[in-house]
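Computed from a prediction, not measured in an experiment: that's the story for all the values here. Chain A is the first sequence line, chain B the second, and so forth, proteins listed ahead of strands; every chain is numbered from 1.
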Number of protein chains: 2
Amino acid sequence: MTAAGPEPSDPGRTDARLSPEADRVRSELVTRLLRLDERSDSLVSVIAEWIARGIIEGRLQPGHDLNSVDLAERFGTSRTPVREALMLLEKEGLVETPPRRRPQVSTLDLRVVEEVYQLRAELLALVALRVAERARPEQLAQLREDLAAMEDAAARRDLDAYFWANVAFHERAAHVADDLTLKRTLDSLGARVLQLRHFSLSLPGRMELSLEDHRRLVRAYEEGDGPLAAALSRSIINAALQAIRESGWTKGSVDRRDDASQPPAVTESSK
Amino acid sequence: MTAAGPEPSDPGRTDARLSPEADRVRSELVTRLLRLDERSDSLVSVIAEWIARGIIEGRLQPGHDLNSVDLAERFGTSRTPVREALMLLEKEGLVETPPRRRPQVSTLDLRVVEEVYQLRAELLALVALRVAERARPEQLAQLREDLAAMEDAAARRDLDAYFWANVAFHERAAHVADDLTLKRTLDSLGARVLQLRHFSLSLPGRMELSLEDHRRLVRAYEEGDGPLAAALSRSIINAALQAIRESGWTKGSVDRRDDASQPPAVTESSK
DNA sequence: CCCCATGTTAGTGTCGACACTGTGCGTCGG
DNA sequence: CCGACGCACAGTGTCGACACTAACATGGGG
């Protein structure tokens, strides 16, 4: 409540048992997903990324209060960069800011979830089509690598690792499709439901099915079978959506790990 | 240069010969396209909308300097709301803000234009599909009304009026499709190239062709022929894109009317 | 004459302050 | 005992100020 002062240097920022390397990779993924790299000012980026990860990883639940003064204190900055970060996240749909009220973590209702998933299905189909038709050999190799990471994580039954590997895989595919607009649109949609994507993978059997689908997808890429790849992509998304539907998902039932661990103070860092 | 004070009340804000009613309607369209209504604070909205319209209507050319202190002076506010407005527009792709440099009006290069148009073609096809399949009679009537406005404008050879009527038509269709996510995605993409959409309609013969296509599209809607409506939508966009390509469009060749007329001072208004 | 260093200036990013508004609580009247 | 009213607090939106940086102009050296 008082002035933050020098924060405890590295308070198990996310999962205690997470290699710094993996943590860094995930940060970068989030950063790219939110296009934070374009904006140079590190303050805003750091703050936005921290909040975004909090939301995605379930540390910050839908409806959670995000008042700028608290956050500013936490980060040891003024409210200005915090407000910018919140605006940014609002545009991405992660945060809602009612008129003169406190910003809060967006509440996903099933309806928009369905919309987002369906739209993502279409867009991913477009991506798949292009990847299958235009991917160069070394790009296919990269995709195989990403798939390998997924295999690896699945073998270890490491949900988090699998989840992020999956995100990276799609990120790669979108990149290979070589259409920045499409990629950004997809990233933006995807970011909104990242939390749910994580959740859906946690449902029993989903990880295995997902892995299988992605294996097949890569094969379709390698065979240059665009229509198949597109159909598979649609199916992957639809399966995830169906799983969510059947799980009786509501905004409350997402996995919660509610240590609201301390964010990194940016006072001296990031120079 | 000095404090703004009470600005000359209504300095031919856009086109001198434009009914206040039409002006208001266009403002509202822009506002909705940019989802400014969600954000209540009128300062930011007013500023963002003014800049956006400036860009769309060609008053502010790509590359045009948008430094916050000038704008703040113009609007008689501090820089804070201006900066917010600029951030907002940056997210919409209308403005670019290099790290520590001045923000400027985004430069469209042909590549992203192609990407945006192609993506829009796909999304509009989705919209068309749903409209054709699900539109209720009174919604069809509304679409017919919007089409009538286009007919009317075309008959008067009023490019601006036709352009905005067209925007309104698509807005309506997206609304009827009843998919908020899709609509927003489409709006966001559309906003980026509004300037170009205007330009492409100004090319010889384009307005007539566009009108014809839209007439046919509405008929497809009425006949409930989804696939046809989708195909027509794609065609409409592709034709526009093709026209732009053939016009040898480059960032310079957009129609310019470079009176940088005074924005409305918001000092006392908007209470 | 051109190129590089230096000083100047304009503009950004950030801060702390202030007024206004929404929220929750206590109080008062029924 | 319950509900309306009003008050105090919390938090937002906005402002003006400040340090720092990029761009530009100026002058000196090659």
Side-chain angles (χ1 to χ4, degrees), chain A residues 1-5 36-51 63-91 95-105 263-271, chain B residues 1-5 36-51 63-91 95-105 263-271:
Chain A
M1 219 18 113
T2 59
L36 291 177
D37 32 12
E38 295 173 12
R39 167 168 298 295
S40 75
D41 31 53
S42 53
L43 278 214
V44 176
S45 303
V46 170
I47 298 172
E49 195 237 308
W50 186 83
I51 300 176
H64 190 293
D65 221 48
L66 290 174
N67 81 69
S68 54
V69 51
D70 264 12
L71 288 169
E73 259 175 27
R74 269 183 154 72
F75 284 96
T77 74
S78 91
R79 278 174 49 229
T80 316
V82 172
R83 274 173 56 81
E84 279 195 27
L86 287 174
M87 281 196 48
L88 231 152
L89 296 176
E90 183 178 18
K91 279 260 147 216
V95 167
E96 280 168 350
T97 308
R100 273 215 170 240
R101 254 185 237 48
R102 300 198 198 79
Q104 32 170 319
V105 178
V266 277
T267 20
E268 300 306 319
S269 62
S270 73
K271 170 56 187 300
Chain B
M1 220 20 114
T2 59
L36 290 177
D37 31 13
E38 296 175 11
R39 167 166 296 296
S40 76
D41 30 61
S42 53
L43 278 212
V44 176
S45 303
V46 170
I47 298 172
E49 194 237 308
W50 186 84
I51 300 176
H64 190 292
D65 220 49
L66 291 175
N67 83 68
S68 54
V69 49
D70 263 15
L71 288 169
E73 258 174 28
R74 269 182 153 72
F75 283 95
T77 74
S78 90
R79 278 173 49 233
T80 315
V82 172
R83 275 172 54 81
E84 279 195 29
L86 288 174
M87 280 196 47
L88 231 153
L89 296 176
E90 183 179 18
K91 279 259 147 219
V95 167
E96 281 168 352
T97 308
R100 274 215 168 241
R101 250 185 243 52
R102 300 199 200 77
Q104 25 170 308
V105 178
V266 277
T267 20
E268 299 307 319
S269 62
S270 72
K271 170 54 189 301

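Look at CG on B:D70: it is 13 Å from C1' on C:dT12, rounded to the nearest Å. The nearest whole Å value for the distance from the CD atom in A:E84 to the P atom in C:dT12 is 12 Å. Atom CD in B:E90 sits roughly 14 Å away from atom C1' in C:dG13 (whole-Å rounding). Taking atom CG of B:N67 as the reference point, atom C1' of C:dT9 lies 13 Å away to the nearest angstrom. In this entry the distance linking CG of B:L71 with P of D:dC15 reads 14 Å, nearest Å. If you measure from atom CG of B:L43 to atom P of D:dG13, you get 11 Å, rounded to the nearest angstrom. Atom CD in B:E73 sits roughly 11 Å away from atom P in D:dG16 (whole-Å rounding).
Under 4.0 angstrom from either OP1 or OP2 of C:dT12 there lies no side-chain N or O belonging to B:R83. The side chain of A:S68 places no N or O atom within less than 4.0 Å of a non-bridging phosphate oxygen (OP1 or OP2) of D:dG11.
Side-chain to base pairing of B:R79 with C:dG13: one donor and one acceptor N or O lie within less than 3.5 Å of each other. Taking only distance into account, the side chain of A:R100 meets the base of D:dT12 through a donor-acceptor pair shorter than 3.5 Å.
Annotation: of the two residues near DNA chain C, A:R102 and A:P81, the 5′-most nearest-nucleotide partner is A:P81. When each of A:S78 and B:D65 is assigned the nucleotide of DNA chain C bearing its nearest heavy atom, the one mapping closer to the 5' terminus is B:D65. Remark on DNA chain D: of its neighbouring residues A:R101 and A:T80, the 5'-side contact belongs to A:R101, judged by nearest-heavy-atom nucleotide.
With a 4.5 Å cut-off on side-chain heavy atoms, B:E84 and A:R83 count as touching. In this structure the side chain of B:L86 reaches within 4.5 angstrom of the side chain of B:I51, judged on heavy atoms. At a threshold of 4.5 Å between non-hydrogen side-chain atoms, the residues A:L88 and A:L36 count as touching.
Here the straight-line distance linking atom CD of B:E73 with atom CG of B:N67 works out to 9.0 Å at 0.5 Å rounding. Atom OG1 of residue B:T97 and atom CZ of residue B:R102 lie 12.5 Å apart, to the nearest 0.5 angstrom.
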